[in-house]
Novice: 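Below is the structure I would like to discuss, written out as structure tokens.
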Amino acid sequence: MAPELLVKETKVREVSLPDLRNVAGEVRMRMAPNPSGPLHVGHSRMAILNDEYVKRYGGICYNRFEDTDPARIDPTGYDTIPEDLDWLGVTIHKTLIQSDRFQIYYDVAKQLLEKGKAYVCTCKPEDWRELKNHKKACPHREQPLNEQMLRWDKMFDGSYKPEEASLMVKTDLAHPNPAIRDFVGLRIDDTPHPRTGTKFRVYPLMNLSVAVDDHLLDLTHVLRGKDHLNNTYRQEYVFDYFGWKKPEYIHYGRISLEDVQLSTSKMAKGIREGLYSGWDDPQLGTLRALRRRGIMPESLRRYWIEVGIKEVDIEFSWKTLYSFNRDLIDDSANRYFFVADPVKLTIEDAPKLVAKAPFHPDHPERGVRDLHVGDDSAVLVSKDDLASNPSRLRLKDLCNIELRDGAVQYAGNDLSVLKEGVRIVHWAPMDSVQAEVLMTDGSVRKGVAERGLADALGQVVQLERFAFVRVERATPTVRCVFTHK
RNA sequence: GCUCCCGUAGUGUAGUCCGGUUAAUCAUUCCAGCCUUUCGAGCUGGAUACCCGGGUUCGAAUCCCGGCGGGAGCACCA
């Protein structure tokens, strides 16, 4: 291996995540996605951080589907999320689905009732909330256990309609933070669940099910966004009631991403309305869109490692991600000519012209593409490159030309004109193929490309002076997806 | 309104716990130059920051107080 490659490697590794606190041997961590659609860039942070730590310390990483709200599930998520994690290079040792575990939550809830740490409330939700906002107990909070159990059973036998009864977990009604006072543990919902149908109608809310599962999985560390800070405090009550050992909680800050739609519901809506072609539309910030564009998962990994796990809110930088990705793909991406908005130039007095264009400037061993100009000496160049009315141009790897009053004259093949400031532009032969590039703003750049581009199907290549793209279709026209400049 | 968290350059990050080789790290960005038959890569140089005000101290990004700013939560969503 070349020495400079080794240097680069260590440079990347210099940046590393801080150590976790309280690590004794292996770690057990989890990610807990809601199956409402495929993963996007924001999700990749949690997945990669978990993965990095599990790989550093050894241990296991769970994927736990949090599907306890039947109304907010897109069943495709059960398949797409593991695919996305796999693409990211995240190792999942075991997968759990909370909707397989309702009975477990019921059992724990019953124990909480028996311990006097929960109650079944039949207040109207607004009344209950109003009372707790004033640090007041609702009438059901301190009723005797037998009354509680009576109502508990009725929650399951169909006596109550949704919102007519819920299991509340006690915390501290006098807690100065209103967000921490008593919370709902289980509720009734008649919405059919995509996996369990109408078999269950009592559903746990996250603070109960998460606490129970985090305990049963014996997690050592829990990574979550700081929007869950108050949920952590609530869940700690459950741990304390049972004397369970709490995991180490780490909250990282909010991520704001510009220029991209991340809301799962809005993306789904856009897809339905035809605004986006699907979950992998290059306009979207989903992982499958990035994959389609030729963004390497390693670039995301490097990005999130550099960002770390601080509690400060951050602004995501596409430029930095692209820079990391360019680093990864530049060496392997072969070069091709793509001419957007082509204009035909007929070169007068030209000899028979053939270009020997290298596949990669840094890798002469990869050879060249032979680009043959036809007997009419005509080539295609981009309208943009003629916009400034240049008098002389260098057609890359082909020849120099002079332009005057719409006439194009052959001007030799002397490279020294470059010293005089003559610009180099790329071009395409007349027998080129039609090509288009799907851009991230939803537009399509149309043009022509050298025929050989079709051979790069599936690869990430550089269209010289245009952008890096991934070639995703070869016929009938070549279709590429914009990666980045 | 109440509760909690956070505040180093455009962006992200190191340093903050245990105050003194840092008139502040690294990456990315931007600018200039070099190099190159790409506007890619590479090289060189430059630019931009410790939120503000007090206090403690010989000395504070680092400790204390106050202010300001940003964020999160106060849901029968996760």
Side-chain angles (χ1 to χ4, degrees), chain A residues 4 11-12 14-15 18 32-36 66-69 71-73 98 121 123-126 128-129 132-133 162-168 175-181 183-189 202-207 209-210 224-234 251 253-254 256 258 264 302-308 310-324 326-327 329-331 333 335-337 355-358 360-362 384-385 394-400 413 415-418 422-426 462-468 484-485:
Chain A
E4 71 266 21
K11 218 166 149 189
V12 174
E14 262 174 36
V15 179
N34 178 305
S36 57
E66 308 221 316
D67 58 347
T68 55
D69 180 358
R72 296 187 58 209
I73 298 168
Q98 288 193 317
C121 175
C123 293
K124 284 186 169 159
E126 315 84 78
W128 176 79
R129 200 178 311 128
K132 97 166 180 168
N133 283 342
E163 296 204 338
E164 285 184 351
S166 302
L167 178 118
M168 307 304 194
H175 198 288
N177 185 349
I180 313 292
R181 297 172 203 151
F183 62 86
V184 184
L186 292 149
R187 60 160 176 172
I188 296 169
D189 191 339
V202 178
Y203 292 95
L205 277 92
M206 73 164 297
N207 284 309
S209 54
V210 166
R224 44 172 37 166
K226 76 174 184 188
D227 45 320
H228 283 299
L229 212 53
N230 287 334
N231 289 321
T232 297
Y233 299 143
R234 293 197 267 228
H251 300 92
R254 300 274 298 181
S256 64
E258 287 184 345
T264 304
R302 184 176 161 199
Y303 187 85
W304 291 126
I305 288 173
E306 243 189 67
V307 166
K310 295 212 304 188
E311 222 166 292
V312 288
D313 301 333
I314 61 142
E315 233 172 87
F316 184 85
S317 167
W318 288 103
K319 281 184 174 173
T320 302
L321 180 73
Y322 291 163
S323 166
F324 291 169
R326 199 179 295 118
D327 227 33
I329 63 174
D330 182 57
D331 196 68
R335 270 52 175 171
Y336 292 94
F337 289 159
K356 303 264 184 196
H360 197 296
D362 304 331
D384 293 345
D385 286 326
R394 166 75 190 170
L395 298 180
K396 189 166 185 290
D397 302 309
L398 188 71
C399 68
N400 305 329
N413 196 18
L415 280 176
S416 65
V417 298
L418 299 179
V422 172
R423 287 170 52 88
I424 300 167
V425 301
H426 60 277
Q462 191 202 42
L463 303 179
E464 289 196 47
R465 300 180 66 242
F466 182 81
F468 289 92
H484 46 65
K485 286 295 281 183

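Only this structure's heavy atoms are used, side chains among them; waters, hydrogens and symmetry mates stay out. In what follows, every chain begins at residue 1, and chains take the letters A, B, ... in the order their sequences are listed. Fair warning: this is a prediction, and the values are worked out from it, not measured in the lab.
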Novice: Counting heavy atoms from C-beta on, name the nucleotide in A41(B), U28(B), U13(B) closest to the side chain of Asp362(A).
Specialist: A41(B)

Novice: Closest approach to the side chain of Asp227(A), judged atom by atom: which nucleotide of G40(B), A72(B), C6(B) is it?
Specialist: A72(B)

Novice: List the steps, then state whether side-chain contact (heavy atoms from CB on, under 4.5 Å) holds for Glu66(A) with Val210(A).
Specialist: CA-CA 8 Å; Glu66(A) 308 221 316; Val210(A) 166; 3.4 Å; yes

Novice: Would you sort out whether Asn400(A) and Val422(A) count as a side-chain contact (heavy atoms from CB on, under 4.5 Å), showing the intermediate values?
Specialist: CA-CA 9 Å; Asn400(A) 305 329; Val422(A) 172; 5.7 Å; no

Novice: Please report the shortest heavy-atom distance between Asp67(A) and Pro35(A), naming the atom on each side.
Specialist: CB-CG, 3.7 Å

Novice: Please list, chain by chain and in numerical order, all residues satisfying salt bridge (charged side-chain N to carboxylate O under 4.0 Å, His left out) with Arg423(A), sequence neighbours excluded.
Specialist: none

Novice: More 5' along RNA chain B: Pro33(A) or Asn413(A), using each one's nearest nucleotide?
Specialist: Asn413(A)

Novice: Out of A78(B), U3(B), A14(B), which nucleotide sits closest to the side chain of Asp69(A)?
Specialist: A78(B)

Novice: Would you mind classifying the nucleic acid contact of Glu163(A) as base, sugar-phosphate or nothing, using non-hydrogen atoms under 4.0 angstrom?
Specialist: base

Novice: Can you tell me which stems involve RNA chain B, if a stem is defined as three or more consecutive Watson-Crick or G-U wobble pairs, both distances under 3.5 Å?
Specialist: B:1-7 with B:68-74, B:10-12 with B:26-28, B:29-34 with B:42-47, B:51-55 with B:63-67

Novice: Using atom C1' in both nucleotides, what's the gap between G69(B) and C76(B) to the nearest angstrom?
Specialist: 35 Å

Novice: What nucleic acid atoms does Arg423(A) come within less than 4.0 Å of, heavy atoms only: base, sugar-phosphate, or nothing?
Specialist: base

Novice: For the side chain of Asp330(A), starting at C-beta, report the closest nucleotide among G12(B), U28(B), A41(B).
Specialist: A41(B)

Novice: Within the 4.5 Å heavy-atom criterion, are Asp397(A) and Pro358(A) side-chain neighbours or not?
Specialist: yes

Novice: Say we look at A49(B) and U8(B): how far apart would their C1' atoms be, to the nearest angstrom?
Specialist: 6 Å

Novice: Mind checking if Cys123(A) touches a base, just sugar-phosphate, or nothing, with heavy atoms under 4.0 Å?
Specialist: base

Novice: Can you confirm whether Val425(A) sits close enough to Leu395(A) that some side-chain heavy atom of one is under 4.5 Å from a side-chain heavy atom of the other?
Specialist: yes

Novice: Establish, with yes or no, whether the OP1 or OP2 oxygen of A75(B) is under 4.0 angstrom from a side-chain nitrogen or oxygen of Arg129(A).
Specialist: yes

Novice: Arg254(A) side chain: which of U37(B), A72(B), C4(B) is closest?
Specialist: A72(B)

Novice: Heavy atoms from C-beta onward define the side chain here; which of C4(B), C2(B), G71(B) lies closest to that of Leu229(A)?
Specialist: C4(B)

Novice: For Tyr233(A) and C74(B), what is the distance between atoms OH and C1' respectively, to the nearest whole Å?
Specialist: 14 Å

Novice: Counting just side-chain N and O atoms, does Lys310(A) come under 4.0 Å of either OP1 or OP2 of A14(B)?
Specialist: yes

Novice: Between U25(B) and C50(B), how far is it from one C1' atom to the other, in whole Å?
Specialist: 13 Å

Novice: At under 4.0 Å between heavy atoms, what does Tyr303(A) touch on the DNA or RNA strands: base, sugar-phosphate, or nothing?
Specialist: nothing

Novice: What is the separation between atom CZ on Phe466(A) and atom C1' on A41(B), rounded to the nearest whole Å?
Specialist: 19 Å

Novice: From NZ of Lys226(A) over to P of U3(B), roughly how many Å is that when rounded to an integer?
Specialist: 18 Å

Novice: Which part of the nucleic acid, if any, lies within reach of Leu415(A) when heavy atoms closer than 4.0 Å are counted: base, sugar-phosphate only, or nothing?
Specialist: base

Novice: Within the 4.0 Å heavy-atom criterion, would you say Pro361(A) contacts the bases, only the backbone, or no part of the nucleic acid?
Specialist: base

Novice: Using the C1' atom in both, what is the distance from C30(B) to U11(B), to the nearest Å?
Specialist: 12 Å

Novice: Determine the contact category for Ser166(A): base if any of its heavy atoms lies under 4.0 Å from a base atom, sugar-phosphate if only primed atoms, P, OP1 or OP2 are that close, otherwise nothing.
Specialist: base

Novice: Run the ring pair (Phe, Tyr, Trp, His ring centres under 6.0 Å) test against Trp128(A) and tell me which residues pass, sequence neighbours left out.
Specialist: none

Novice: Of the options G40(B), G12(B), U38(B), whose atoms approach the side-chain atoms of Arg326(A) most closely?
Specialist: G40(B)

Novice: Of the listed nucleotides (G40(B), U37(B), A78(B)), which one gets closest to any side-chain atom of Asn231(A)?
Specialist: A78(B)

Novice: Would you mind classifying the nucleic acid contact of Asn207(A) as base, sugar-phosphate or nothing, using non-hydrogen atoms under 4.0 angstrom?
Specialist: nothing

Novice: Identify whether any heavy atom of Pro125(A) sits under 4.0 Å from a base atom; if not, whether one sits that close to sugar-phosphate; answer base, sugar-phosphate or nothing.
Specialist: base

Novice: Taking the side chain as everything from C-beta on, heavy atoms only, tell me whether Asp69(A) gets closer than 4.5 Å to Met206(A).
Specialist: no

Novice: What's the CD-C1' distance between Glu315(A) and G10(B), to the nearest Å?
Specialist: 9 Å

Novice: Please state the C1' separation for the pair A23(B) and U62(B) - nearest whole angstrom.
Specialist: 16 Å

Novice: Expressed in whole Å, how much space separates the C1' atoms belonging to U22(B) and G59(B)?
Specialist: 15 Å

Novice: Which residues pass the salt bridge (charged side-chain N to carboxylate O under 4.0 Å, His left out) test with Arg335(A), not counting sequence neighbours?
Specialist: Asp330(A)

Novice: With a non-hydrogen cut-off below 4.0 angstrom, is Asn34(A) in contact with a base, only sugar-phosphate, or nothing?
Specialist: sugar-phosphate

Novice: Can you check the Ile424(A) CD1 to C35(B) P distance for me, whole Å?
Specialist: 13 Å

Novice: Which nucleotide sits closest to the side chain of Val312(A): G7(B), A75(B), U38(B)?
Specialist: G7(B)

Novice: Within the 4.0 Å heavy-atom criterion, would you say His251(A) contacts the bases, only the backbone, or no part of the nucleic acid?
Specialist: nothing

Novice: Rounded to whole Å, please give me the gap between CG in Asp397(A) and P in U37(B).
Specialist: 10 Å

Novice: Taking atom C1' in both G15(B) and A32(B), compute the distance separating them and give it to the nearest angstrom.
Specialist: 31 Å

Novice: How many whole angstroms separate atom CD1 of Ile73(A) from atom P of A78(B)?
Specialist: 9 Å

Novice: Tell me every residue that passes ring pair (Phe, Tyr, Trp, His ring centres under 6.0 Å) with Tyr322(A), counting only those two or more places apart in sequence or in another chain.
Specialist: Trp318(A), His484(A)

Novice: Given A27(B), G73(B), A75(B), identify the nucleotide with an atom nearest to the side chain of Phe324(A).
Specialist: A27(B)

Novice: Look at the side chain of Gln462(A) and the base of U38(B), then say whether one donor and one acceptor between them are separated by less than 3.5 Å.
Specialist: yes

Novice: Could you state the NE2-P distance from His426(A) to U36(B), rounded to the nearest angstrom?
Specialist: 22 Å

Novice: What residues form a ring pair (Phe, Tyr, Trp, His ring centres under 6.0 Å) with His228(A), not counting sequence neighbours?
Specialist: none

Novice: Quick one: is A78(B) close enough that its OP1 or OP2 comes under 4.0 Å of any side-chain N or O from Thr68(A)?
Specialist: yes

Novice: Classify Phe316(A) by what it touches in the nucleic acid, base, sugar-phosphate, or nothing, heavy-atom distance under 4.0 Å.
Specialist: nothing

Novice: With rounding to the closest Å, how many angstrom separate the C1' atoms on G71(B) and A24(B)?
Specialist: 27 Å

